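Keep in mind that this is a model prediction, so the values were computed, not measured. Every chain is numbered from 1, with letters handed out A, B, ... down the list of sequences.
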2 protein chains.
Amino acid sequence: MKTNKEVTIYDIANKLNLATSTISRGLKGHHTINKKTVEKIKKTAAEMGYSPNNLAASLRGNKMKTIGVLLPMVTPFISSLISGIEIVAQKSGYTILIMQSHDSYETEVNLTQSLYDNRVSGVICSLALETKNTDHFKRFTDNNTALVFVDRVPENFDTYNVVIDNYRAGYKATKHLIEQGCKRIAYITAGIDFSVYRERKKGYLAALQEHNLPIEDELVVRADSIKYQDAARASEKLLQLKNRPDAIFAPGDTIGVSAIQTAKKMGIKVPEELAVVGFNDDSISSIIEPNLSTVTHPAFEMGKTAAEIILKSIKNAKRKSEIVKQITYLNTEVLVRQSSKRK
Amino acid sequence: MKTNKEVTIYDIANKLNLATSTISRGLKGHHTINKKTVEKIKKTAAEMGYSPNNLAASLRGNKMKTIGVLLPMVTPFISSLISGIEIVAQKSGYTILIMQSHDSYETEVNLTQSLYDNRVSGVICSLALETKNTDHFKRFTDNNTALVFVDRVPENFDTYNVVIDNYRAGYKATKHLIEQGCKRIAYITAGIDFSVYRERKKGYLAALQEHNLPIEDELVVRADSIKYQDAARASEKLLQLKNRPDAIFAPGDTIGVSAIQTAKKMGIKVPEELAVVGFNDDSISSIIEPNLSTVTHPAFEMGKTAAEIILKSIKNAKRKSEIVKQITYLNTEVLVRQSSKRK
DNA sequence: TTGTAAGCGTTATCAC
DNA sequence: GTGATAACGCTTACAA
């Protein structure tokens with residue numbers, strides 16, 4: 001490793017017999033600088049191999065041109081979400097700093113601190129499954145850092161949220177199962193009845209009630225996480241019931257896939273004896289056989305929207321915004337495939 | 001948004017009637033500072049809601065405590081890789097900055113610049129499929145920034161590489177197919193015969209040769225990317241051959257899955273008429289039916305190893321290291337599942 | 001249109 | 001053990 005000293009605007013200033021301020025402005029194509037000077041500056045900067053030091057620039061403004069992205073873990077859904085954020089951020093010259101909480105509250109708190117220490121301009125977050133208290137995010141709103149929650153949002157926090165209507169999605173999925181003639185429909189929830197999953201459950205319960213189907217406690221089971229193993233355990237529990245369900249609404253495709261595979265292992269026919277609907281439209285849902293019916297979840301769009309809100313919010317940060325809370329809903333729909341087709 | 005002014009070490013110094021240098025040292029538990037003073041400092045810092053400004057600290061040292069992670073795109077393999085990096089980095093108090101090239105050379109060059117501008121301490125990179133020239137990485141080695149390539153590494157670049165032995169992996173997978181009695185084994189490559197895929201191909205060819213199987217050009221086809229659609233197109237091309245292959249070695253599970261599904265659509269029985277072996281052991285490989293035989297790819301371990309090397313390399317950065325190039329190989333093995341079991 | 005100089009928050013180097 | 005001060009590289013009033 002060589003240790004070339006870095007070229008700074010000071011060096012350029014020296015070479016060109018100009019002031020550093022002129023270089024600084026020239027590099028940004030400031031309108032108060034002579035066009036020819038600008039050109040000259042840019043040219044020599046390139047020749048000298050100058051590259052701007054974001055640290056120094058940000059130290060003055062006290063913020064990096066960086067958006068912190070704090071997510072539970074990288075799933076297919078999340079990776080589309082990231083792409084959406086990325087594409088918008090990149091256009092505006094923002095870098096994104098991705099961190100995973102691994103669904104742990106403690107990790108989330110730590111990463112929150114770390115994002116703050118790095119002086120990010122804004123934060124886009126989808127909560128960890130474990131998170132109940134969201135005080136650690138006040139740090140951002142209290143200190144002029146834009147904050148947007150996506151998908152897994154807190155219940156009571158005054159800021160921007162980008163979500164789908166989980167209640168309606170749950171309702172629609174369940175209604176579809178009812179229309180297929182299912183009578184004993186089960187639901188698998190995740191974490192400590194986490195908001196998103198609870199809302200979907202509410203929709204599920206509403207649909208049952210509306211169609212005069214009995215609501216039975218044993219038909220709602222909990223998976224410790226949304227990972228395959230935990231989901232499979234939950235599915236198994238349902239399918240071992242004396243009075244087994246004839247349908248499962250799984251609020252995630254991994255869970256749905258685990259249900260199908262568990263059923264197969266137990267010799268239960270899908271969809272004839274057990275109809276299954278998942279959530280997210282991950283690619284596995286069209287690889288598993290029978291193909292998994294699912295509810296679309298516009299990850300990419302959600303990412304784009306969240307990033308756009310963050311950028312707008314950063315721009316307006318100076319004059320304090322009037323907006324206290326804003327919830328943006330994106331649309332979802334039920335994709336009917338083989339796993340729930342009974343008619 | 002309130003705009004609380006930030007608490008700095010200067011404020012703490014004022015309150016405690018100490019010098020900023022003492023505060024700075026106290027906060028880090030420097031041994032030259034009285035234990036009681038250290039405690040007092042830490043306590044009041046906490047009380048005042050102080051949080052360190054990494055920007056300022058890094059400006060002096062000219063490097064952020066950040067590792068840039070530049071990857072082609074988030075696949076299941078890559079997401080394990082990230083986890084491995086993350087776990088090691090976090091332990092040492094490093095933050096990771098993840099960026100995706102989306103397999104585009106141009107994007108990779110830009111992101112490289114962006115990482116540099118952000119003064120990361122080190123970079124872990126897996127190359128874009130399009131990348132042939134890697135001069136844009138010289139920036140890092142020339143300027144005292146640690147650099148490690150993982151998995152998709154350049155051919156000629158003096159630095160650390162963490163890889164598997166792609167040649168041997170290709171050889172082993174092909175040999176397995178031969179042992180199953182396959183005679184016309186096809187291979188799908190990706191990108192412009194990108195290094196990793198080329199190495200696997202070499203192994204494939206060596207195995208054929210060793211067993212006196214004919215090497216036919218039409219049995220090696222190219223997919224434009226490793227995404228499903230492109231892979232499926234390549235599979236289709238193979239299966240439409242007049243003299244159709246009886247096995248496909250796919251250097252990725254998505255490609256392997258596409259091969260199985262394409263075969264099914266065409267009414268070709270797997271594994272009876274077509275044996276398939278994939279690569280990576282993604283979770284889809286055990287969801288697809290028949291289950292896809294595959295070659296393990298120790299993503300998590302590779303991530304951990306890469307991060308450990310980076311950290312060591314950062315530590316040694318001051319005295320220039322003697323090491324010019326070091327290649328670390330991790331082990332792989334063939335997992336035989338239904339898609340290739342013929343005996 | 002360009003120059004001067006202060007300041008961003010921290011740390012390293014001396015000095016005491 | 002602690003303090004004073006310069007320096008990191010850049011931006012931005014304010015001056016010219």
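In this entry the distance linking OH of A/Tyr10 with P of C/dA5 reads 12 Å, nearest Å. Between B/Ile12 atom CD1 and C/dT10 atom P the separation is 8 Å, expressed in whole Å. Separating the CG atom of B/Asn53 from the C1' atom of C/dG7 is a distance of 14 Å, rounded to the nearest angstrom. The separation between A/Met64 atom CE and D/dG9 atom C1' is 13 Å, rounded to whole Å. Atom-to-atom, CG of A/Leu27 to P of D/dT12 comes out at 13 Å; the value is rounded to the nearest Å. Rounded to an integer number of Å, the gap from A/His30 NE2 to D/dC10 C1' is 14 Å. Atom CG of B/Asp11 and atom C1' of C/dT10 are 13 Å apart (whole Å). In this structure, the CG atom of A/Asn54 is 14 Å from the P atom of D/dG9, given to the nearest Å.
With hydrogens and angles disregarded, no donor-acceptor distance shorter than 3.5 Å links the side chain of A/Asp158 to the backbone of A/Lys325. Remark: side-chain polar atoms of A/Thr22 are not paired, donor with acceptor, to backbone N or O of A/Leu18 under 3.5 angstrom.
Between A/Leu55 and B/Leu18, the one whose closest nucleotide on DNA chain D sits nearer the 5' end is B/Leu18. Judged by closest nucleotide on DNA chain D, B/His31 is the one of A/Pro52 and B/His31 placed further toward the 5' end.
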If you restrict it to nitrogen or oxygen atoms, what contacts under 3.5 Å exist between nucleotides 13-16 of chain D and the protein, and what is each distance?
from   : atom 1 : to      : atom 2 : distance (Å)
D/dA13 : N6     : A/Arg25 : NH2    : 2.9

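Set against D/dT2, C/dT11, C/dG9, the side chain of B/Thr20 has C/dT11 as its closest nucleotide. The side chain of A/Leu59 approaches D/dG9 more closely than any other nucleotide in the set D/dT12, C/dT1, D/dG9. Side-chain proximity of A/Thr32 to C/dT2, D/dC8, D/dC10: nearest is C/dT2. The side chain of B/Arg60 sits closest to C/dG9 out of C/dT2, C/dG9, D/dT11. Among the nucleotides D/dG9, C/dT2, D/dA4, the one closest to any side-chain atom of B/Ala19 is D/dA4.
Within the 4.0 angstrom heavy-atom criterion, only backbone atoms of the sugar-phosphate kind lie near A/Asn17; the bases stay farther away. Among the protein residues, B/Thr37 comes within range of the sugar-phosphate backbone only, with heavy atoms under 4.0 Å from sugar or phosphate atoms but none that close to a base. Using a 4.0 Å heavy-atom cutoff across all strands shown, A/Lys35 reaches no nucleic acid atom at all. Across all strands shown, B/Asn62 has no heavy atoms under 4.0 Å from either base or sugar-phosphate atoms.
Residue A/Lys35 qualifies as open at atom NZ: its count of foreign heavy atoms under 6.0 Å is 12 or below. When the shell of 6.0 Å around CD of B/Glu106 is examined, it contains 12 or fewer heavy atoms from other residues, nucleotides or ligands.
Salt bridge A/Asp117/B/Lys65: absent, no basic N to carboxylate O contact under 4.0 Å. Between A/Arg119 and B/Glu6 there is a salt bridge, since a side-chain N of the basic residue sits under 4.0 Å from a carboxylate O of the acidic one.
A close approach under 4.0 Å does occur between a side-chain nitrogen or oxygen of A/Ser24 and OP1 or OP2 of D/dT11. For the OP1/OP2 pair of C/dT11 and a distance below 4.0 Å, the side-chain nitrogens and oxygens of B/Lys28 include at least one atom meeting the criterion.
Taking the six-membered ring for Trp and thresholds of 30 and 60 degrees, A/Phe140 and A/Tyr116 have ring planes inclined between 30 and 60 degrees apart.
Here the CD1-CG distance, from B/Ile323 to B/Asn316, works out to 8.0 Å after rounding to the nearest 0.5 Å.
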